[in-house]
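Below is one structure, written out as structure tokens, with a few remarks after it.
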Amino acid sequence: MTDVLTRQLDLQRIGTNPEHGTETMVLNLGPHHPSTHGVLRIVLELDGEVVVKSEPVIGYLHTGIEKECEYRTYHQIVPLIDRMDYLSSLNEEMGFIQAAERLFGIQAPRRAEYIRVIMAEFSRIVSHMVWLGTSALELNVSSVFMYTFRDREMILDLFEFVSGARMFPRYFRIGGVLRDLPRGFDKMARELILHLRAQIKEYDSLLTKNPIWKMRNVGVGVLTTEQCLAYGATGPVLRSTGVAYDVRKAFPYSAYAEFKFEVPTKTEGDAYSRYLLRLAEMDQSLNIIEQALNKLPSGPFVVADRKVWKPHPHKGLFAPVGESYVTIESPRGEKGYWVIGDGSNKPLRMRMRAPSFAHIQILPEMINGHYLGDAVVAIASVDPVLGDVDR
């Protein structure tokens with residue numbers, strides 16, 4: 001019945017373009033379409049192949065993770081938030097763990113913070129590789145897709161070596177990490193860094209000066225700084241307009257204040273500049289990982305209090321009455337975690353500030369007035385994850 005009503009509503013919207021006096025047509029892009037990068041539906045009103053009007057429609061994934069977290073103990077929440085931004089699970093874990101530790105008044109050991117940074121930056125690279133490979137595939141550059149997913153598998157091998165899992169490691173814990181780095185991790189990580197540096201240069205040689213890639217990306221999906229600030233867009237989307245805002249620099253968390261790295265920016269604000277930024281960000285992540293490996297401190301990987309890192313299975317960890325809010329820099333932009341404790345072993349409320357939600361809202365600014373083919377490029381360029389939106 002809902003589909004019938006939706007169809008009737010769409011048919012009613014078919015009208016006339018007042019600028020050209022021509023008939024317009026409504027087209028549903030998604031929700032079951034690979035180029036929407038998830039279960040996103042965009043209702044497009046077309047005049048020929050030109051988008052006259054666009055309307056993003058969300059709610060098809062409906063995970064309900066925020067509400068589910070309120071029925072789980074603090075330690076049981078980690079597997080849930082892994083699946084929110086399913087391309088960058090360890091950054092999600094970082095955000096929640098930092099917020100929980102602030103609520104509990106816990107400081108993780110320095111070694112644990114370094115390990116978290118290493119794993120989170122590898123997770124950032126994994127996310128950017130998925131973005132690069134799928135965005136290239138949409139423009140028929142299938143070789144880049146195969147290369148990026150091959151290299152992504154190597155990083156997932158490293159995650160499995162450390163935590164026993166690949167996409168959803170569940171490795172970070174309140175007070176530290178699940179277990180210390182295994183023997184042989186340093187060698188494996190350094191070899192992977194050398195391999196990835198060479199591969200990033202190969203991605204650059206395949207795409208950056210490729211005339212077809214440039215033709216499809218340069219000047220497409222242009223945004224201004226004012227538009228980004230008005231919609232709350234962050235991450236590479238905001239940095240592509242010239243604003244060097246990165247939470248790791250602006251509000252350093254974990255051990256990020258101890259590392260030297262740059263915040264790449266561009267000024268064009270188009271899809272091509274966002275591509276260049278993500279390439280540069282992968283290189284900066286490798287620099288951070290290398291510094292962390294060189295300075296990795298010895299000592300415990302988790303706090304000594306067993307009530308924190310190994311609570312009673314039925315009672316959990318009891319939080320004080322209060323609240324905390326922490327922001328981190330996810331691969332998509334600023335991610336916020338708000339946790340309210342009521343004295344029980346479960347949060348009273350949990351809410352997340354999702355960068356993908358803001359980036360979905362800004363899509364009409366990028367799509368309207370452009371060709372249908374450019375809409376696909378614009379959607380990809382903001383790198384939305386719908387688990388991050390329908391949370």
Side-chain angles (χ1 to χ4, degrees), residues 34-35 37 87-88 121-155 192-225 228 233-246 261-290 329 331-333 359 366-367 370-371 373-384:
S35 68
H37 293 254
L87 300 181
S88 181
E121 291 307 309
F122 270 126
S123 187
R124 190 182 312 278
I125 296 171
V126 163
S127 178
H128 283 345
M129 283 184 170
V130 172
W131 169 82
L132 181 59
T134 53
S135 298
L137 186 63
E138 286 167 356
L139 300 184
N140 208 26
V141 190
S142 57
S143 55
V144 173
F145 174 80
M146 291 185 286
Y147 298 155
T148 54
F149 270 66
R150 174 199 62 194
D151 299 330
R152 171 180 178 263
E153 285 297 310
M154 297 176 70
I155 301 178
L192 186 53
I193 289 172
L194 291 175
H195 173 77
L196 293 176
R197 285 197 195 282
Q199 290 308 116
I200 292 171
K201 290 180 181 178
E202 185 172 0
Y203 306 153
D204 178 72
S205 66
L206 286 168
L207 292 176
T208 302
K209 295 182 180 180
N210 185 310
I212 298 176
W213 180 257
K214 292 185 70 175
M215 181 180 66
R216 292 301 307 275
N217 283 275
V218 174
V220 174
V222 177
L223 291 171
T224 65
T225 299
C228 289
T234 53
V237 177
L238 177 61
R239 290 192 286 272
S240 70
T241 67
V243 180
Y245 176 69
D246 188 308
F261 62 98
E262 298 176 1
V263 180
T265 60
K266 293 288 178 182
T267 56
E268 295 82 2
D270 60 359
Y272 187 70
S273 62
R274 291 188 274 277
Y275 151 74
L276 293 174
L277 281 181
R278 290 187 178 99
L279 276 189
E281 285 181 15
M282 286 193 281
D283 195 54
Q284 292 299 318
S285 290
L286 291 175
N287 291 339
I288 294 172
I289 294 167
E290 201 163 36
E329 184 68 28
R332 268 146 286 286
H359 297 162
M366 308 167 67
I367 294 173
H370 293 272
Y371 287 107
D374 292 337
V376 172
V377 176
I379 295 167
S381 72
V382 299
D383 192 18

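Quantities reported herein were computed from a predicted structural model and do not represent experimental measurements.
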Check: Leu132 main-chain N/O paired with Ser135 side-chain donor or acceptor under 3.5 Å: no
Partners passing side-chain hydrogen bond (donor to acceptor under 3.5 Å, both in side chains) against Thr265 (at least two apart in sequence or in another chain): none
Qualifying residue for side-chain contact (heavy atoms from CB on, under 4.5 Å) with Ser205, from Lys209, Glu202, Lys201: Glu202
Pairs involving residues 132-153, ordered by first then second residue, that meet ring pair (Phe, Tyr, Trp, His ring centres under 6.0 Å) (sequence neighbours left out): Phe145-Phe149
Distance in Å, Met129 CE paired with Gln199 CD, rounded so as to fall on 0.5 Å steps: 7.5 Å
Contact summary for Gln284 and Glu262, nearest pair of heavy atoms: OE1-N, 2.9 Å
Heavy-atom check, side chain of Asp383 versus side chain of His359, under 4.5 Å: no
Salt bridge (Lys or Arg N to Asp or Glu O under 4.0 Å) partners of Glu153, counting only residues at least two apart: Arg166
His195/Asp151 under side-chain hydrogen bond (donor to acceptor under 3.5 Å, both in side chains): CA gap, chis, key distance, verdict: CA-CA 9 Å; His195 173 77; Asp151 299 330; 2.9 Å; yes
Within-4.5 Å side-chain heavy-atom neighbours: Trp213 and Leu207: yes
Ile155 side chain reached by Leu196 side chain, heavy atoms, under 4.5 Å: yes
Set of side-chain hydrogen bond (donor to acceptor under 3.5 Å, both in side chains) partners for Glu290, sequence neighbours left out: Arg197
Nearest-0.5 Å distance, CG of residue Asp374 to CD1 of residue Ile379: 11.0 Å
Stepwise side-chain contact (heavy atoms from CB on, under 4.5 Å) test for Val377 and His370: CA-CA 11 Å; Val377 176; His370 293 272; over 6 Å; no
Audit row: Ile212, Leu139, side-chain contact (heavy atoms from CB on, under 4.5 Å) steps and yes/no: CA-CA 9 Å; Ile212 298 176; Leu139 300 184; 6.0 Å; no
Minimum heavy-atom distance Thr148-Gly133, with the two atoms named: OG1-CA, 3.2 Å
Leu87 side chain reached by Arg332 side chain, heavy atoms, under 4.5 Å: yes
Tyr275 side, atom OH; Lys214 side, atom NZ - distance, nearest 0.5 Å: 10.5 Å
Pairs touching residues 124-146 that satisfy salt bridge (Lys or Arg N to Asp or Glu O under 4.0 Å), sequence neighbours left out: Glu121-Arg124
Set of side chain to side chain contact (heavy atoms under 4.5 Å, CB included) partners for Leu276, sequence neighbours left out: Thr208, Lys266, Tyr272
Nearest-0.5 Å distance, CD1 of residue Ile125 to CZ of residue Arg278: 14.5 Å
Polar side-chain atom of Thr241 near backbone of Gly269 as donor-acceptor pair, under 3.5 Å: no
Over all atoms of both residues, closest heavy-atom pair of Leu277 and Ser240: CD1-N, 3.4 Å
Test log, rule side-chain contact (heavy atoms from CB on, under 4.5 Å), inputs Asp270 and Val222: CA-CA 4 Å; Asp270 60 359; Val222 177; 3.9 Å; yes
Ser285/His128 under side-chain contact (heavy atoms from CB on, under 4.5 Å): CA gap, chis, key distance, verdict: CA-CA 11 Å; Ser285 290; His128 283 345; 6.0 Å; no
Closest approach of His37 to Ala380 (non-hydrogen atoms, all atoms of both residues): NE2-CB, 3.4 Å
Val141 side chain near Leu206 side chain, heavy-atom distance below 4.5 Å: no
Nearest heavy-atom neighbours spanning Val237 and Ala233: CG1-CB, 3.9 Å
Minimum heavy-atom distance between Tyr203 and Met282, given as atom pair plus value: CD1-CE, 4.4 Å
Sole candidate of Asp246, Thr234, Val263 that passes side-chain contact (heavy atoms from CB on, under 4.5 Å) when paired with Glu329: Asp246
Any side-chain heavy-atom pair of Ile200 and Leu286 under 4.5 Å: yes
